[in-house]
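One structure is given below, encoded as structure tokens.
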2 protein chains.
Amino acid sequence: MAEFSIDTIRHSMAHLMAQAISRTWPDDHIQFGVGPVIENGFYYDVDMEHRLTEADLKTIEKTMKKIIKEKLPIEKKVFSRDEAVDFFKEQKQELKVELIEAIPGDEEITCYQQGEFIDLCRGPHVEKTNQIPTSFKLLSVAGAYWRGDENNKMLQRVYAVAFKDKEELKSHLHFLEEAKRRDHRKLGKELELFHFEKVSPASPFFMPKGAFLYNELVEFIRRLYRKYDYKEVITPQVLDSDLWHTSGHYEHYKENMYFSKIDDREYAVKPMNCPCHMLMFAHYKYSYRDLPLRYADFGRLHRYEKAGAVAGLTRVRTFCQDDAHIFLELGQIQDEIMKLMDMFFICYDHFGFTDIKVNLSTRPEKKAGDDATWDTAENALKAALDASGHEYFIKEGDGAFYGPKIDVEIADALHRYHQLGTIQLDFQLPDRFNLKYTTQEGTEARPVVIHRALLGSLERFIGVYIEHTGGAFPFWLAPEQAVIVPVRNESHLEFAEEVKANLERHGLRIRIDDRNESMGYKTRQTQKGKIPFMLVIGDKEMEEKSVSIRKYGERASESISLEELTEKFVSLNEERLPEKFRDS
Amino acid sequence: MAEFSIDTIRHSMAHLMAQAISRTWPDDHIQFGVGPVIENGFYYDVDMEHRLTEADLKTIEKTMKKIIKEKLPIEKKVFSRDEAVDFFKEQKQELKVELIEAIPGDEEITCYQQGEFIDLCRGPHVEKTNQIPTSFKLLSVAGAYWRGDENNKMLQRVYAVAFKDKEELKSHLHFLEEAKRRDHRKLGKELELFHFEKVSPASPFFMPKGAFLYNELVEFIRRLYRKYDYKEVITPQVLDSDLWHTSGHYEHYKENMYFSKIDDREYAVKPMNCPCHMLMFAHYKYSYRDLPLRYADFGRLHRYEKAGAVAGLTRVRTFCQDDAHIFLELGQIQDEIMKLMDMFFICYDHFGFTDIKVNLSTRPEKKAGDDATWDTAENALKAALDASGHEYFIKEGDGAFYGPKIDVEIADALHRYHQLGTIQLDFQLPDRFNLKYTTQEGTEARPVVIHRALLGSLERFIGVYIEHTGGAFPFWLAPEQAVIVPVRNESHLEFAEEVKANLERHGLRIRIDDRNESMGYKTRQTQKGKIPFMLVIGDKEMEEKSVSIRKYGERASESISLEELTEKFVSLNEERLPEKFRDS
């Protein structure tokens, strides 16, 4: 078999699928739209009477494999444009005719034929159908407007994944399975973390367990803030458009903002905290002794996103960032970036992200500020990254017009990268707000501003983290850390309550499952809820002052004394603080 | 001297003041508006060329006392309306003419004359000017539109306080002095807690110390929530008007809401959390076993208030309530109210409020729900209040149309009452949202809802609490708990840092003041900042491993060992949890 590229193979598979569909429903007047190669596979848009079902996909696959065995040669045909139009008109392939008519008149039109099936196509293709491997799988059918225009007819789009060999296919199908199992929207519902309502699109309602997670993440970040000398502030959410003119958001970001008229003044709900922090800095007189000054804010932000662009927690209209703005002297950048990188790696490591990509984006062509300032800033960023000892990639010219940027991507358990942290230098905003501080020499100078976030949006992070952990959160973060199951309520509930009270005295989060259900049911429920530990209490345990403990995901259980249990849980709970800070 | 009521005396004083103003500026064409008695005193609105100053008030007071000594008889004169109009026209008192013209034509008009001064007045008055005591004080001058209409002329309003005797006046002036000293707007600035900006009227910017206070109050309430089994949730802020129609807010509360159009849908920024919690309850299937279910929310709310109505933190446009909604069965009301009263008293006591007034408002004439339900609810509230053992007042007919209400007022250090807590029963909202739960019998029933808040708005509470404490917060709540002052940095800074690190290891909040300033200056600054403790470290302390400790507001300092210091601070810091819950 000649070596064909995976794209060529996928492309030939798309034709193969279209041919199989034609053969399966010979009496349906089927018209074909486009059938391109996409990441990991291909799709084809078809217009037909019959509504394709899951079962149909299996049938089509079978027919595809049959055609492969027929070893049909795949032949290229060249037409003039008019010939092609005539030919596809005759075939009653009106969609193809539309496609051809959009091609300039003097261009050659190529088609590929295999057996009875001929399709408009640039190629290239494999030479015979038996050169197509069977390592494909039809995944799903979805509606898609012809040419992506909602005024056009809705077609049926058949999606397939395809790889060079069965090994690769299998591994990808496993990945898809795993991604589906971990889907944060699904787990969010199952674990009663959050849900959505029609009256507030793309705005999550966090139920008690989700709100716990949310607040605990805020507390985690606050613990880091105490170590790195950040000062939390609380700022308004609804601010006069004057402010957004000053900050430049009105000019550049208006489309994403919510406006409201009050007392004949136009206000906007804030999409970002920065302008509030600029006002705060301007309100007081600061000197070089106060810098770097770090304002952190967990203010709720609102950004309009098109209904089509929103998805679960990862793209929402309202969220909160672990946002901070650092006011500092130009000469302090390198030190500050080193501190930030330290904080970033401690933070990501704490959540079990070890595969981390750091990117440095440098000055773009159109930029604010002079080259000398950019030199200083970029060199400071590079020096800090070098000193931090982590590999990093330079994205030349990819910085914002107002300053260079570092961004940090983490890979989740399925090796998907997500951008979490950003460090954005800003020479522009301090100018717009005319910020000043007194230097050591007693003169006035303009501070530099760093915008930075660790987790980014808390909502998005929760989405990513649910998928990373599959909803099985570490002990310190689990909304419920253990469920106690008394074997018989009459005999064991009282002791269970004692155990619970004792653990709660150490700030632990314990629930008793005293429902009138079987032990098997309760065990399954505890597993389904992904509770870190199940503690069973029966006669033996009561007598020995012990519990039978079973860890989430494990089948074995062991008996441990109440003292050991408390010690174990208290020690696990200490992981809420990163190891580096744990002794202090 | 005959016994005159304080109102009569104050009224005569107002005439006396007007007469004194006329005598002091005989050449100014002075017109008088109205001069009513108000709480603690009186005012008079005057229209004159001369702008009254603080110094003028002293002069007027002197003249008033002189007229008192003149023992002028105060005589009542009766006019017909037309005679009165003619008389005051002649006197060129156009404002008085306007007032008289507004009186029905057949009414008798009375005036009072003392010496050369005659004023339109219903009376009664004292009989001679020497029956007026000198226990008054002119306080201030403010602008006031004639008849409160901003289209009219601005007059000068002279405010005065007046009491029966000098003792009462002195005590009231002391109160005013104290209230001014404790004014939360003034202290908010001085202690760098918060400030306001023009771009966001009536919306506080909480600086780091203010934000600390704010977050610590939230944490305090959360600690109570853990004890009383509340579940915190997080809900969206921008919701479709459909929801506000369902909840009834659109109909009844529209004027106070902020609206925004997006994607041709009308959204409002939430003024209350309740509708979100109703949606949450409706989203899941609950049974009697889940009730009472308590959703707590620290969501940011926005309510439009007229620019004239807002003031400091006590009346703002954006705030957060320690809000919760309790879903329960009718039969559970009494128990729940008892729990709530328990929680309320523990909470207020913790903040040092001991003078507490409880009011119960019963069914109004126009009401939703049948009498049987109201009977049950009101009786349950009464029974719970009786059982809680606190005195309470019944406000007959003062309940909301959707249910009876308990509200709780606390007296601050200046004996001013502020309403903090409310418990509002609601039969209406569960109907509007068609809420249901499964009863023990397996049937469907409508839950009752209780809206309740402990501190009310956090912003307002902070305002009240700053004035209650004069900004000297208890140790557990102070943003900075102690300042360490090394006598000489060169010799003592290192040890100071050791002491600081040791205290911080126990979660304490310590600052070192190592500025190049005198000990006297630093001491004054620490006092001004109302920091609970100042710790001075010199040679002796370093040698003895001790600190010299001085409590805020005291002059004496004592030397204590580092162990004693740590023990003292850790123990004081435990007061962050109410005593009742401290051992557990």
>> So for B:Ile262, is it side chain, backbone, both, or neither that comes closer than 4.5 Å to the heavy atoms of chain A?
In response: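 Interface part for B:Ile262: side chain.
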> What part of B:Phe196 lies closer than 4.5 angstrom to a heavy atom of chain A: side chain, backbone, both or neither?
Replying inline: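 Only the backbone of B:Phe196 comes within 4.5 Å of chain A.
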> Looking only at heavy atoms, what is the nearest atom pair of B:Val199 and A:Arg265, with distance?
Replying inline: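 Where B:Val199 meets A:Arg265 most closely, the heavy atoms are CA-NH2, 4.1 Å.
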Roughly how far, to the nearest 0.5 Å, is [atom2] of [Y] from [atom1] of [X]?
X: B:Leu455; Y: B:Asp322; atom1: CG; atom2: CG; result: 4.5 Å
X: A:Asp240; Y: A:Tyr267; atom1: CG; atom2: OH; result: 5.5 Å
X: A:Leu458; Y: A:Leu217; atom1: CG; atom2: CG; result: 6.0 Å
X: B:Asn256; Y: B:Arg303; atom1: CG; atom2: CZ; result: 8.0 Å
X: B:Leu508; Y: B:Asn573; atom1: CG; atom2: CG; result: 5.0 Å
X: A:Met272; Y: A:Leu301; atom1: CE; atom2: CG; result: 8.5 Å

Looking at [options], which one has more heavy-atom pairs under 4.5 Å with chain A than the rest?
options: B:Arg226, B:Glu192, B:Arg515; answer: B:Glu192
options: B:Ser200, B:Ala307, B:Ala296, B:Pro275; answer: B:Ser200
options: B:Glu504, B:Arg300, B:Lys306; answer: B:Arg300
options: B:Gly299, B:Ser203, B:Ser260; answer: B:Ser260
options: B:Thr246, B:Leu279, B:Thr318; answer: B:Leu279
options: B:Tyr295, B:Phe259, B:Phe194; answer: B:Phe259

> Which residue out of A:His506, A:His283, A:Lys198, A:Met280 racks up the most heavy-atom pairs below 4.5 Å with chain B?
Replying inline: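 Of the options given, most contacts go to A:His283.
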> Does A:Asp263 pair with B:Arg317 as a salt bridge, N-O distance under 4.0 Å?
Replying inline: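 Yes, charged N to carboxylate O under 4.0 Å.
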> Do B:Arg222 and B:Glu219 sit within salt-bridge range, that is, some charged N less than 4.0 Å from a carboxylate O?
Replying inline: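 Salt bridge flag = yes for B:Glu219 with B:Arg222.
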> Can you pull out the residues in residues 284-291 of chain A with any heavy atom less than 4.5 Å from chain B?
Replying inline: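 The residues closer than 4.5 Å to chain B, in numerical order, are A:Tyr284, A:Tyr286, A:Arg289.
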>> Distance alone, cut at 3.5 Å: any donor-acceptor contact between the side chains of A:Asp297 and A:His277?
In response: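 Yes, A:His277 and A:Asp297 have a side-chain donor paired with an acceptor closer than 3.5 Å.
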> How would you list, in number order, the residues of residues 228-236 of chain B that have a heavy atom less than 4.5 Å from chain A?
Replying inline: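 So the qualifying residues are B:Lys231, B:Glu232, B:Val233, B:Ile234, B:Thr235, B:Pro236.
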> How would you list, in number order, the residues of residues 206-216 of chain B that have a heavy atom less than 4.5 Å from chain A?
Replying inline: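 Only B:Phe206, B:Met207, B:Pro208, B:Ala211, B:Tyr214, B:Asn215 of residues 206-216 of chain B have a heavy atom under 4.5 Å from chain A.
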> So B:Leu503 and B:Thr566, side chain to side chain contact (heavy atoms under 4.5 Å, CB included) or not? Walk me through it.
Replying inline: CA-CA 6 Å; B:Leu503 293 172; B:Thr566 308; 4.0 Å; yes
> Does B:Asp264 have any side-chain contact (heavy atoms from CB on, under 4.5 Å) partners at least two apart in sequence or in another chain, and if so, which?
Replying inline: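 Applying side-chain contact (heavy atoms from CB on, under 4.5 Å) to B:Asp264 gives none.
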>> Donor-acceptor check, side chain of A:Asp514 to backbone of A:Asn489, threshold 3.5 angstrom: yes or no?
In response: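 Absent.
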>> With side chain to side chain contact (heavy atoms under 4.5 Å, CB included) as the criterion, how do B:Ile462 and B:Glu459 come out once you've worked through the C-alpha distance, each side chain's angles and the decisive distance to 0.1 Å?
In response: CA-CA 5 Å; B:Ile462 291 175; B:Glu459 279 74 3; 5.9 Å; no
> Once the angle between the rings of B:His195 and B:Phe205 is folded into 0 to 90°, is it parallel (under 30°), tilted (30 to 60°) or perpendicular (over 60°)?
Replying inline: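 B:His195 and B:Phe205: parallel rings.
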> Do you know which of A:Leu191, A:Leu313, A:Leu193 makes side-chain contact (heavy atoms from CB on, under 4.5 Å) with A:His184?
Replying inline: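 Only one option passes, and that is A:Leu313.
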> Step by step, would you call A:Gln237 with B:Tyr258 a side-chain hydrogen bond (donor to acceptor under 3.5 Å, both in side chains)?
Replying inline: CA-CA 12 Å; A:Gln237 288 188 288; B:Tyr258 293 59; over 6 Å; no
